[in-house]
Amino acid sequence: MKVIRTIDAIKKVIQDYKAQNKQIGFVATMGFLHDGHLQLMRAAKQENDIVVASIFVNPLQFGPNEDFEKYPRNEQKDTQLAEEVGIDVLFMPTAEEMYPQPMIIQMGITRRVDVLCGRSRPGHFDGVLTVVTKLFHLIQPTKAYFGLKDAQQVAVIDALIQDLNFPIALVGLPTVREADGLAKSSRNVYLSETERKEAVSLSKGLQAGKQLLLSGERDPQRIIDEVTKTIELNISGRIDYVELLSYPSLEQVTSVDQPIILATAVFFEHARLIDNLLLDENGSLITRYN
Ligand code: PAF
């Protein structure tokens, strides 16, 4: 595995692969790799000639009171995991390398952000789209893989690819979960023992909503109420949102008759956890987005 830290070096490597007509799969991460990331890498490995992964904790996507400084990092372990999974190139630039001067141009998004995490984290998706655009230009992937745990991120990257005509196929893969249903996340390390036990109620709440949909309920508010009730009963934390929206357009619906996202975010003392289910109009889980 080649470990690359500079923009000049990654450009050269990619140029060589392109000259050989290689199909490049790309997995962008902020590191502290877990099974969710590894699943994306394994899929990219199966479906492409070469896999490039990036690890970069992107300062632009963190708000002033968010966890940029203390975001968990473990470069040594990440390098080992990436190597084991068969990554060909691991791109790990510093913030100075990616942003040698404050950005003059930044991406701005006009729709799909006034809901879910976009509403709670103003500017977050502008920062995500700015770094993803830079990474897409540098890596020039054939296919780019993202986890559906961040389904709003997948929806905005889909818009980025379409609006700016990136010749990239977007692949969204399902959330990987712990045995009790908790969505795997680098931020789970922030939870206390009690909170870790309570955190399972995010997925339990969403499952309760899904069951209602499967049993024929089509009223979004009734489904939202069921999810909210299930979560509220079991946590010491505070619900940020429970929402049901069309997917990927992320608009309000009056009745569930199309693919939807049922999503929640909960504040615990040191962590804000998110989870969602992508469901078709009958309530069945959507397991691959592309
Ligand atoms: O999903 C993430 O880890 C980040 O938002 C991403 C896509 C790597 C951009 O920094």
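Whatever order the structure lists them in is the order used to number ligands and atoms, beginning at 1. Just so you know, these numbers use all the heavy atoms, side chains as well, and skip hydrogens, waters and symmetry mates.
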Which heavy atom of Q61 sits nearest to which heavy atom of N58, and what is that distance?
OE1-ND2, 2.9 Å
Taking all non-hydrogen atoms of both residues, which atom of G108 and which atom of D126 are closest, and how far apart?
CA-OD1, 3.6 Å
Numbered atoms of ligand 1 (with element) below 4.0 Å of [X], judged on heavy atoms:
| X | result |
| --- | --- |
| V131 | 9 (C), 10 (O) |
| Q61 | 4 (C), 5 (O), 9 (C), 10 (O) |
| A28 | 8 (C) |
| F146 | 7 (C) |

Among residues at least two apart in sequence or on other chains, which ones pass side chain to side chain contact (heavy atoms under 4.5 Å, CB included) with Q106?
L60, M103, T130
Option of least heavy-atom distance to atom 5 (O) of ligand 1 (set: K149, Q153, M30)
Q153
Ligand 1 and T29, any nitrogen or oxygen pair closer than 3.5 angstrom?
no
So is N58 polar-close to ligand 1, meaning N/O to N/O under 3.5 Å?
no
So does R288 have more than 12 non-hydrogen atoms from other groups sitting under 6.0 Å from CZ?
yes
Taking the cut-offs as 6.0 angstrom to the six-membered ring centre and 45 degrees off its axis, would you call K134 and F56 a cation-pi pair?
no
In residues 36-45, what donor-acceptor pairs under 3.5 Å come from side-chain atoms, sequence neighbours left out?
residue: H37; atom: ND1; partner: H34; partner atom: N; Å: 3.0
residue: Q39; atom: NE2; partner: P174; partner atom: O; Å: 3.0
residue: K45; atom: NZ; partner: G86; partner atom: O; Å: 2.9

